[in-house]
A.B. asks: 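Dumping the structure here so I can ask a few things about it.
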Amino acid sequence: MNAGFGAVTIVGVGLLGGSLGLALKQRGLASCVRGVGRRQEVLDTALSINAIDDASLDLGAAVRGADLIVLCTPAVLIFDQLDTIRSRVAPNVVVTDVGSTKTEICAHVRSNWSRPLRFVGSHPMAGSEKFGPEHASANLYDGCVTIVEPLDDHAEDAHETVCALWRAVGSRVIEVAPRAHDDIVARTSHIPHVVAALIAELAAASGEVRDFTGKGFRDVTRIAAGRAELWRDICLTNRNAIVEGLREFGNRTEAVRELIERGKAYELEAFFRSAQVARKKVLGEDGPA
């Protein structure tokens, strides 16, 4: 076995952590994969699908002897986990995370960890509205983009290891500063989720409408089926960027409402055409929207 990353401890073995464990094990990239969780039944599921070799409910004990630690829990839990492991890991251990927000997590490390930093923030743009290790897949990270914070006051070998980890499980790595990351994903991920939730509530408020919903409604609201506590925590750890984006979204919504109210046919068609162009630009598509 090519144990390229040695002993790996994955904290949180749900969809993302379980998928990472499967990818590491199936590719022979770790000598041992230990999973850490808060509930034994989740750990048992991860063991049963062979996503991890060993399981523990004790974070402090589970990180001892690890060469690489990956925090795969919701962002709001990562702060306490970082505090717990800081004094319990060997000096050469590499630590990263999969948190959907980066500014506050990376700032916390800079305020509390010694330099050169051996924690390197990362965010694989992979996932699903489903959750739990029972939905894990060894191919979850294939072809996805993983954002990694640029080399700054990090140990160079730690930064190289984190980039190599995500490439090894199939990702394309892009380096983006934490604040820029949070501003961008607020508009491409976090705000779309808030909007999807609002659309679902708006439709439900109309009463029994199941017979009036089609594929478009399902496509637009699919992500609203995600875990409520996860999206609560994302909103709380990326407040400024989400609030600013929602403010701008509200202004744009009001402008379109006025066009509809005033019956501005030409302007409405221009709006929808502009949206088609915008979508193609965002997705990098050359064909029709």
Side-chain angles (χ1 to χ4, degrees), residues 15-16 98-103 122-131 137 139-148 166 170-206 209 212-227 230-231 234-235 238-289:
L15 175 68
L16 296 179
V98 302
S100 299
T101 60
K102 295 268 73 79
T103 302
S122 59
H123 175 207
M125 301 291 289
S128 166
E129 74 278 9
K130 297 178 181 179
F131 53 90
S137 167
N139 300 318
L140 182 69
Y141 300 104
D142 284 352
C144 86
V145 169
T146 295
I147 311 299
V148 175
W166 296 116
S171 289
R172 178 166 62 93
V173 172
I174 297 178
E175 296 184 21
V176 178
R179 188 168 299 280
H181 165 277
D182 285 2
D183 288 343
I184 294 169
V185 297
R187 294 170 182 247
T188 62
S189 176
H190 305 164
I191 292 170
H193 194 98
V194 173
V195 172
L198 288 169
I199 292 171
E201 286 199 333
L202 181 67
S206 300
V209 296
F212 300 88
T213 58
K215 187 174 183 296
F217 179 82
R218 291 180 180 275
D219 288 346
V220 170
T221 61
R222 177 186 58 80
I223 54 176
R227 295 174 65 185
L230 171 65
W231 286 97
I234 287 173
C235 287
N238 197 20
R239 263 178 288 188
N240 292 339
I242 293 174
V243 166
E244 179 57 34
L246 283 172
R247 185 177 292 115
E248 182 178 338
F249 181 81
N251 292 338
R252 289 172 181 259
T253 302
E254 179 62 17
V256 173
R257 186 196 65 77
E258 289 185 2
L259 293 179
I260 297 171
E261 186 175 60
R262 295 163 60 191
K264 296 290 187 177
Y266 176 82
E267 290 85 348
L268 281 169
E269 183 176 347
F271 161 69
F272 286 115
R273 290 190 184 280
S274 175
Q276 290 177 329
V277 173
R279 183 177 186 274
K280 287 191 289 184
K281 178 181 178 182
V282 169
L283 298 178
E285 295 178 346
D286 296 323

A.B. asks: Just to verify, what does S100 make a side-chain contact (heavy atoms from CB on, under 4.5 Å) with, not counting sequence neighbours?
C.D. replies: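 In terms of side-chain contact (heavy atoms from CB on, under 4.5 Å), with neighbours along the sequence ignored, S100 is linked to H123, H190, I234.
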
A.B. asks: Evaluate the side chain to side chain contact (heavy atoms under 4.5 Å, CB included) criterion for residues I260 and L268: first the C-alpha distance (whole Å), next the side-chain angles of each, then the deciding distance (0.1 Å), finally the verdict.
C.D. replies: CA-CA 7 Å; I260 297 171; L268 281 169; 3.6 Å; yes

A.B. asks: With sequence neighbours excluded, tell me which residues meet side-chain contact (heavy atoms from CB on, under 4.5 Å) with R257.
C.D. replies: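 Result, side-chain contact (heavy atoms from CB on, under 4.5 Å) vs R257: E254, E261.
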
A.B. asks: Of all residues at least two apart in sequence or in a different chain, which pass the side-chain contact (heavy atoms from CB on, under 4.5 Å) check with R239?
C.D. replies: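 By the side-chain contact (heavy atoms from CB on, under 4.5 Å) rule, R239 matches no residue at all.
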
A.B. asks: Can you sort out the partners of N139 under side chain to side chain donor-acceptor pair (under 3.5 Å), two or more places apart, ordered by chain and number?
C.D. replies: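 Side chain to side chain donor-acceptor pair (under 3.5 Å) list for N139, sorted by chain: empty.
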
A.B. asks: Contact between S171 and V145 at the side-chain level, heavy atoms closer than 4.5 Å - yes or no?
C.D. replies: no

A.B. asks: Give a yes or no on whether a salt bridge exists between R279 and E285, defined as a side-chain N under 4.0 angstrom from a carboxylate O.
C.D. replies: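 Yes, R279 and E285 are salt-bridged.
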
A.B. asks: List in chain and number order the residues that pass side-chain contact (heavy atoms from CB on, under 4.5 Å) with T188, two or more places apart in sequence or in another chain; answer none if no residue qualifies.
C.D. replies: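 Here the qualifying residues are I184, V185.
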
A.B. asks: Step through the shown structure and confirm whether more than 12 heavy atoms of other residues, nucleotides or ligands are within 6.0 Å of CG on N240.
C.D. replies: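 No, not enclosed.
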
A.B. asks: Could you give the side-chain donor-acceptor pairs of residues 241-248 under 3.5 Å, partners two or more places apart or in another chain?
C.D. replies:
{"residue": "E244", "atom": "OE1", "partner": "R247", "partner atom": "NH1", "Å": "2.9"}
{"residue": "E248", "atom": "OE1", "partner": "R187", "partner atom": "NH1", "Å": "3.0"}
{"residue": "E248", "atom": "OE1", "partner": "R187", "partner atom": "NH2", "Å": "3.0"}
{"residue": "E248", "atom": "OE2", "partner": "R252", "partner atom": "NE", "Å": "3.1"}
{"residue": "E248", "atom": "OE2", "partner": "R252", "partner atom": "NH2", "Å": "3.0"}

A.B. asks: Indicate every side-chain donor-acceptor pair of residues 196-205 with a distance under 3.5 Å to a residue at least two apart or in another chain.
C.D. replies:
none

A.B. asks: Measure across C144 and A126 and return the closest heavy-atom pair with its distance rounded to 0.1 Å.
C.D. replies: SG-CB, 4.0 Å

A.B. asks: Do L16 and Y141 have side chains that approach each other closer than 4.5 Å (heavy atoms only, starting at C-beta)?
C.D. replies: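 Yes. Closest side-chain heavy atoms under 4.5 Å.
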
A.B. asks: What is the distance from atom OG of S189 to atom CG of N238, rounded to the nearest 0.5 Å?
C.D. replies: 9.5 Å

A.B. asks: If you round to the nearest 0.5 Å, how far is CD1 of I147 from CH2 of W166?
C.D. replies: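 These two atoms lie 12.0 Å from each other.
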
A.B. asks: For R273, give me all partners under salt bridge (Lys or Arg N to Asp or Glu O under 4.0 Å), at least two apart in sequence or on another chain.
C.D. replies: E269

A.B. asks: Can you tell me how far the CZ atom of R218 sits from the OG1 atom of T213, to the nearest 0.5 Å?
C.D. replies: 5.5 Å

A.B. asks: If every non-hydrogen atom of H181 is compared with every non-hydrogen atom of T101, which pair is closest and at what distance?
C.D. replies: CE1-CA, 4.2 Å

A.B. asks: Hey, does V195 have a side-chain heavy atom less than 4.5 Å from the side chain of P192?
C.D. replies: no

A.B. asks: Just jot down the side chain to side chain donor-acceptor pair (under 3.5 Å) partners of T103, sequence neighbours excluded, or say none.
C.D. replies: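 Only D182 meet the side chain to side chain donor-acceptor pair (under 3.5 Å) criterion with T103.
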
A.B. asks: Using 0.5 Å steps for rounding, measure from the CZ atom of F217 to the CZ atom of R222.
C.D. replies: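 Here the rounded value is 13.5 Å.
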
A.B. asks: I'd like to check the side chain to side chain donor-acceptor pair (under 3.5 Å) partners of D219; sequence neighbours left out, ordered by chain and number.
C.D. replies: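 If we apply the side chain to side chain donor-acceptor pair (under 3.5 Å) test to D219, skipping adjacent residues, the hits are K215.
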
A.B. asks: If only atom types and distance count, is the side chain of T253 paired as donor or acceptor with the main-chain N or O of F249 below 3.5 Å?
C.D. replies: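 Judged by distance alone, yes, a pair lies under 3.5 Å.
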
A.B. asks: List in chain and number order the residues that pass salt bridge (Lys or Arg N to Asp or Glu O under 4.0 Å) with K281, two or more places apart in sequence or in another chain; answer none if no residue qualifies.
C.D. replies: none

